[in-house]
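One structure is given here, and the rest of the page talks about it.
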Number of protein chains: 2
Amino acid sequence: MVGRLTADSIERRSGVSLWRQIADKILHAIAIGDFTENAALPPEVALAERYGVNRHTVRSAISALVQEGVLRAEQGRGTFVLSRKRLSYPIGARTRFSTGLQGQTTERHIVLLASSVEPASQRVAEGLGLARGAEVIRLETRGEADGRPVSRAAGWFDARRFAGIDAAMAETGSITASLARFGIDDYLRQSTVLSARHADAADLADLDLQPGAIVLVTVAVNVTPDGQPIQFSESRFPAERVELKLSAL
Amino acid sequence: MVGRLTADSIERRSGVSLWRQIADKILHAIAIGDFTENAALPPEVALAERYGVNRHTVRSAISALVQEGVLRAEQGRGTFVLSRKRLSYPIGARTRFSTGLQGQTTERHIVLLASSVEPASQRVAEGLGLARGAEVIRLETRGEADGRPVSRAAGWFDARRFAGIDAAMAETGSITASLARFGIDDYLRQSTVLSARHADAADLADLDLQPGAIVLVTVAVNVTPDGQPIQFSESRFPAERVELKLSAL
DNA sequence: TATAGTTGTCTATATCAATAGACAAATTTA
DNA sequence: TAAATTTGTCTATTGATATAGACAACTATA
């Protein structure tokens, strides 16, 4: 029902071009493992027939994916899959960036892109249990695994309790390690709200995506084991490279 | 960072038309509550300027949303928001359709669209702990709340253990009630894998969506309290109407 | 009752997206 | 080597997308 390169799923006049839709389908098929690495895609004429479009339209889709580094086309031979399956990012009671991707990647780390002190917006204040306008520290981060961006997040912390967490983050490259410096040995994911949308210009730049890509968005609150909110965050994941695995909390 | 009608987020040559991107932005802004019901949208010229596009392009976006029933345009007065915020669909250890939407809707139910007996595919077999090709019953369902489709799911059950569950489902309109007839008083969500993609033709028809819409996809396994798999399912949710709230398992 | 502000309609033009067909170039297979 | 298969390139045409400008129609307000 999902994922196979099925015929019945191309929409015209949708505001999404046919080549983009076909590119998305190929990406999805690769992501769920329909094509192993180095496998050959069906020839262009076959794909065109399957989707009921012109061969040139299929070529547009393929060339976009070649551009993205997902496929490699060889004249006379065929078109081949380069990239691997989607990463499976676990979300649970103890959601941690690095440990979650162990086994799937050889290397991963978090980069601190920017930090600032600002008054809490309505939703941040609610999430952290602070008064609206209270000072909070915002950390803008990007998660990378094997050299590819896999997440882009903003995290907010009570400025009074966590003064200097930006420096700690820059030094350690780890939220968990930074919180440890403030006496937080353990923390739990209290709530996660999930949505999806098209990537905007910022996402495209931050996550190295091509226009038209989809991002998964999580808005979450982390708390101490006794239920005290310590972090409010909004994270964006490239849907073509990451799926979220919801594990037992 | 997210959600406001921001200027910096329109991509050209993306395979997604500008009017579709703007329509998505407006939908998102409504969904996260930037516009309350009956609120007026900024005038077309203002939106055009904000996004750096022609007024006619904004009009295309608006007319698509009027078509979808999200907005109402009145000549001389303005354009107004009709629809409410997204439903928040809870996913946790005891994910149940009806109870999860209580409080947010006045009415909700599940419609059985089709059922069949078939050999288990690789992934269904893995999910249910059966041999590949073992007989399974597939139930195709649609969840509706206040008359609007909010989910479209396929569920698979071991045909030997749950023979007749299709009839029970048709009669009761509830997975929980149907399972109860087979002695399952309680069941837990064991795993959920989440992804997002553009809606395909089937989604458009089933979920009453417009072309270009995004769907959230969950693939889940439900087990008895002692860990025995009883249901494998794949559900699709319209991202413009539903967000997923991951609660404690 | 003017006037300003807003949506609705029309014409025209340029660019992107998609189709159609033909043939070249490279590789594999018979 | 010849034939079949597959990707690459080119020309031409059509329809959708986007821009630009002008003005009509309607509403609210000064």
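Just so we're on the same page: letters track the sequence lines, and every chain starts at 1.
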For B:Arg12, the salt bridge (charged side-chain N to carboxylate O under 4.0 Å, His left out) test, sequence neighbours excluded, returns none

Taken to the nearest whole Å, CD1/B:Ile62 to P/C:dT6 is 12 Å

Here the gap from B:Leu244 atom CG to B:Thr192 atom OG1, rounded to the nearest 0.5 Å, amounts to 9.5 Å

Those residues at least two apart in sequence (or on a different chain) that pass side chain to side chain donor-acceptor pair (under 3.5 Å) with B:Ser17 are B:Trp19

From CD of B:Glu44 across to P of D:dC26 the rounded distance in Å is 16 Å

Residue set satisfying side chain to side chain contact (heavy atoms under 4.5 Å, CB included) with B:Ala46, at least two apart, ordered chain then number -> B:Pro42, B:Pro43

When rounded to whole Å, the CD to P distance for the pair A:Gln67 and D:dG8 reads 13 Å

With sequence neighbours left out, the residues meeting side chain to side chain contact (heavy atoms under 4.5 Å, CB included) with A:Ser151 are A:Phe97, A:Phe237

Taken to the nearest whole Å, CZ/B:Phe80 to C1'/D:dA28 is 11 Å

5' to 3', nucleotides 18-30 of chain C under a 4.0 Å protein heavy-atom cut-off (B base, S sugar-phosphate only, - none) gives SBBBB--BBSS--

note: B:Arg59, atom CZ; D:dT17, atom P; distance rounded to Å ~ 16 Å

Applying salt bridge (charged side-chain N to carboxylate O under 4.0 Å, His left out) to A:Arg55 and not counting sequence neighbours gives A:Glu44

Separation of C:dT6 atom C1' from B:Glu49 atom CD, nearest Å, is 16 Å

In whole angstroms, the gap separating C1' of C:dT6 from CG of B:Leu71 amounts to 15 Å

Here the distance between atom P of C:dT6 and atom CG of B:Leu47, to the nearest Å, is 11 Å

